[in-house]
Amino acid sequence: MLWRSPSYLSSAATSLCLRRRSFYLDLISGASTLRHLDQILAHAILSGRHPDLVTTTKLLHRLADLGSPPTHLLRLFSSVPRPDLFLLNVLLRSLPPSSALLFLSSLRRAHPHLRPDSFTYAFAASATASLLSPAPGRALHARVIIDGFATDPFVGSALTDFYLNFSQVSAAEKVFDGVPDPDTVLWNTLISGLVQNCAFLRSLRVFKQMVMTGARFDSTTLAVVLPAAAELQELIVGMTVHCLGMKSGLAFHSHVVTGFISLYSKCGEIPAAKFLFEQIDEPDLIACNAMISGYSSNGLVGSSVDVFRELLAFRGRPNSSTMVGLIPVSSPFEHESLSRSIHSFAIKSGLYLNSPVSTAFTTVYCRLNDMEAARKVFDAMPEKSMASWNAMISGYAQNGLTEMAISLFREMQDLNVRPNQITVTSTLSACAQLGALTLGKWVHQIITQEDLELNVYVLTALIDMYAKCGSIMEARRIFDGMVEKNVVSWNAMILGYGLHGQGLEALKLFKEMLNARIAPTGVTFLSVLYACSHGGLVEEGRAAFWSMTCDHGIKPGPEHYACMVDLLGRAGQLKEALEFIETVPESAGPGVWGALLGACMKHKETSLARLASEKLFELEPENTSYYVLLSNIYSANRNYPEAAMVRQQDAKSRKLPKTPGCTLIEIRDEVHIFTSGDRSHPQSVLIYSMLDKLTGKMVEAGYRAETDVALYDVEEEEKEHMVKVHSEKLAIVFGLISTEPGSEIRIIKNLRVCLDCHAATKFISRITQRLIIVRDATRFHHFKDGACSCGDFW
DNA sequence: GTAGGGTTAG
């Protein structure tokens with residue numbers, strides 16, 4: 001270096017040197033502080049040399065690098081009598097995004113001789129990518145098109161990046177398509193941005209297209225496409241990329257190797273990941289993190305800790321990602337104490353309580369069903385990431401706290417935090433559990449508005465939501481539109497038909513699935529059995545059960561046995577059901593006996609009911625719902641002393657209050673909830689007078705209230721009321737008076753619909769000529785013209 | 001102008 005101290009500048013020799021441009025340039029690039037630069041500039045001017053365009057450009061560059069405020073840069077620029085395009089571009093690149101764009105907008109007035117080129121627009125476009133609003137970027141895009149730069153790969157890349165930063169995937173693709181000869185960087189920008197927007201399928205498609213068109217790919221390309229393959233667990237695609245990498249020699253680039261380690265770990269190929277990791281001479285922090293998380297997520301917590309120790313011993317400090325990878329999210333129960341101790345370590349160190357670490361802990365606590373701890377971690381996060389919102393929402397949905405999940409999603413919308421596929425998938429699951437069709441439709445609308453990629457997860461969640469919220473046709477429409485279906489999608493659709501009592505449709509779809517060579521899983525058979533059971537298809541169900549073990553080698557679990565007992569029991573084959581239980585290899589669980597008890601209920605089989613109840617009391621002494629069932633069976637047979645005794649036992653054992661039966665109906669986006677005998681509704685006078693009129697007409701048509709008949713597992717409080725004012729009847733009547741004649745009525749009951757309401761609804765559907773869809777605790781009933789879709793197999 | 005690891009889902 002020419003000089004070390006500012007005092008050196010005062011020497012005459014330096015003055016002479018400064019007259020020569022190259023020395024001057026060297027001095028500028030060597031300056032290490034703003035003060036140095038000031039002194040150089042002052043000296044130059046004193047020595048009679050005014051900086052020319054080249055030196056000013058250099059100076060501007062250096063000033064920006066050393067953190068000079070934007071006002072200084074602008075002042076320097078305006079001191080130049082006739083700035084050229086190069087200087088303008090350097091200025092634009094050096095200014096903070098908003099000042100750069102502001103400056104550009106005044107350019108035409110201030111410097112009419114300067115015609116922006118592709119660099120100008122590229123820098124400007126990349127400035128728009130980091131703003132809070134997309135509006136300036138869109139305006140710039142318009143100018144780019146007018147000025148004819150939309151076909152330039154440099155500009156296109158910056159614009160593509162801009163749109164992807166604002167999650168406008170389609171717009172980004174449009175920009176890309178407008179560039180006839182995309183270069184490697186432009187391809188990479190699109191692929192990487194798609195991955196960041198969770199559009200993994202699209203990114204793989206673009207990569208394929210890139211390779212097919214013969215475009216040159218580089219290590220960045222491979223590094224950005226690998227996470228997409230890993231995320232989708234597309235091992236074959238990943239291995240193809242590996243082959244491409246080997247052939248081109250790019251597979252040994254450190255970023256790419258890390259990508260492979262992560263890919264193989266995520267696909268469960270730990271030996272391959274381990275092999276690659278051990279091939280690296282000196283793995284860096286990121287490679288170690290990939291391996292740590294790979295082991296941990298595959299349940300190999302010991303090996304994960306080994307690599308962590310190695311990292312501490314030889315490669316220095318771990319970072320927050322190391323911690324995230326180390327937490328055994330995949331098996332929290334097994335390593336609960338380890339997770340909690342990592343958490344307290346993280347809190348103590350303070351350094352690690354950033355968003356990804358907190359998100360991992362949120363997840364762990366959700367999995368441990370410790371929702372309060374999870375929420376505490378979530379609330380303590382100053383900056384919430386997409387993943388942290390998703391972790392909390394899915395945690396609520398999976399723990400059945402559906403309202404919490406939905407209200408958190410609402411909060412996100414209110415805060416203008418844009419959801420991604422995972423957010424909507426979790427929220428849809430909550431809507432499905434709740435049976436909230438209007439909410440579900442709203443989420444569907446948001447998916448469309450946000451242009452979220454419709455991947456298998458999202459579409460399957462939509463099928464599930466529509467099916468569980470009563471729109472089986474809409475579910476089927478989405479199912480048919482799916483290009484790529486997997487087992488879960490088929491399962492969701494089959495289960496949907498089962499819920500709606502369309503057993504034959506379910507079986508037809510199951511056959512189609514087998515023809516399409518999709519290997520069924522235990523869940524598939526559970527859905528098929530369920531559909532048979534709710535459609536009264538006993539023989540078909542039996543055949544499916546045997547085919548499961550014989551043809552597909554799937555060992556039936558307790559839930560399959562329970563479903564079979566339910567199937568036989570509903571159809572009145574109680575003896576066969578009991579015989580079937582005796583074939584259960586291990587002792588039958590509560591599910592199996594519960595199913596038998598439910599069947600006894602329907603067929604008023606007191607002695608068998610007693611047997612089943614005794615088994616249940618033995619297996620689950622704390623579960624109170626069986627007492628209700630048994631007592632109802634006795635009262636159905638008019639054996640009131642026994643009924644009273646059971647009820648007394650029940651009262652003794654009961655600790656928690658019962659959930660009262662209630663029915664929900666949505667009218668024009670508003671939710672109305674009715675309980676039995678409810679008079680709290682503002683229109684309750686009208687509702688009751690309508691109900692009276694309707695009951696009159698029903699009686700005329702032959703309806704008799706079945707007050708002394710056993711009510712399913714309805715609760716005591718509800719039973720004490722006249723069945724006439726059951727919550728479902730109130731909700732139906734409210735539906736009748738609040739909607740157009742002829743339109744369908746949908747209600748949701750939290751318990752199983754009672755026999756009397758079931759019969760009454762049939763009459764109502766005929767008298768009013770309405771389709772009434774009732775979702776109860778176990779299935780859907782479509783009442784139409786005096787009949788129910790369940791064919792009374794409910 | 002693009003760049004590897006970590007969190008979230010049916």
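Below, read A as the first sequence line, B as the second, and so on, with proteins coming before strands; counting in each chain starts at 1.
Without hydrogens or angle criteria, N298(A) side chain to L300(A) main chain gives no donor-acceptor distance under 3.5 Å.
Between R367(A) and dA9(B) there is a side-chain N or O to OP1 or OP2 distance below 4.0 Å. Here S157(A) does not reach the OP1 or OP2 of dT2(B): none of its side-chain N or O atoms lies under 4.0 Å away. The phosphate of dG6(B) has neither OP1 nor OP2 within less than 4.0 Å of any side-chain N or O from S320(A). An OP1 or OP2 oxygen of dG1(B) is reached within less than 4.0 angstrom by no side-chain nitrogen or oxygen of S126(A). A sub-4.0 Å separation between OP1 or OP2 of dG6(B) and a side-chain N or O of S262(A) is present.
Between the side chains of D306(A) and S303(A), no donor N or O sits under 3.5 Å from an acceptor N or O.
Across all strands shown, V185(A) has heavy atoms under 4.0 Å from base atoms, whether or not it also approaches the sugar-phosphate. L186(A) comes within contact range of at least one nucleobase, with a heavy-atom separation under 4.0 Å. Residue V329(A) is in sugar-phosphate contact alone, with no base atom involved, counting any heavy-atom pair closer than 4.0 Å across all strands shown. Residue K266(A) is in sugar-phosphate contact alone, with no base atom involved, counting any heavy-atom pair closer than 4.0 Å across all strands shown. Heavy atoms of D183(A) sit under 4.0 angstrom from at least one base atom. When heavy atoms are screened at a 4.0 angstrom cut-off, E231(A) is found touching base atoms of the nucleic acid. Nucleic acid contact for T220(A): base, since at least one base atom lies under 4.0 Å from a heavy atom of the residue. Using a 4.0 Å heavy-atom distance criterion, S254(A) is classed as a base contact. Nucleic acid contact class of A158(A) (heavy atoms, under 4.0 Å, all strands): none. Residue-level contact check: P153(A) touches the bases, meaning some heavy atom is under 4.0 Å from a base atom.
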Hey, mind stepping through Y497(A) and L509(A) against side chain to side chain contact (heavy atoms under 4.5 Å, CB included) and telling me if it holds?
CA-CA 9 Å; Y497(A) 279 127; L509(A) 202 62; 4.1 Å; yes
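Across the interface with DNA chain B, nearest-nucleotide mapping of V488(A) and F123(A) shows F123(A) to be the residue nearer the 5′ end.
In the set dA3(B), dG4(B), dT2(B), the nucleotide with an atom closest to the side chain of T189(A) is dT2(B). Of the candidates dG1(B), dA9(B), dA3(B), the closest approach to any side-chain atom of R93(A) belongs to dG1(B). Residue P356(A) places its side chain closer to dG6(B) than to any other of dA9(B), dA3(B), dG6(B).
Per the geometry, CE belonging to M381(A) stands 11 Å off C1' belonging to dT8(B), to the nearest Å. Across the protein-nucleic acid pair, M392(A) atom CE and dT7(B) atom P stand 18 Å apart, rounded to whole Å. The nearest whole Å value for the distance from the CE atom in M210(A) to the P atom in dA3(B) is 14 Å. As a whole-Å value, the separation of Q196(A) CD from dG4(B) C1' is 12 Å. Spacing between atom CH2 of W187(A) and atom P of dA3(B) amounts to 17 Å, rounded to whole angstrom units. Atom-to-atom, CG of D161(A) to C1' of dG1(B) comes out at 7 Å; the value is rounded to the nearest Å. When the P atom of dA9(B) is taken as reference, atom CG of L462(A) falls 17 Å away, rounded to whole Å. Following rounding to the nearest Å, N188(A) (CG) and dG4(B) (P) show an atom-to-atom distance of 11 Å.
Residue side chain N319(A) reaches the base of dG5(B) through a donor-acceptor N/O pair under 3.5 Å, judged by distance alone. Contact annotation: side chain of D284(A) to base of dG4(B), donor-acceptor pair present below 3.5 Å.
Here F409(A) and W389(A) keep their ring centres 6.0 angstrom or further from each other. In this structure, the ring of F176(A) has its center less than 6.0 angstrom from the ring center of W187(A). F275(A) and Y264(A) have their aromatic ring centers separated by at least 6.0 angstrom.
For the pair R340(A) and D370(A), the salt-bridge criterion is met [side-chain N within less than 4.0 Å of a carboxylate O].
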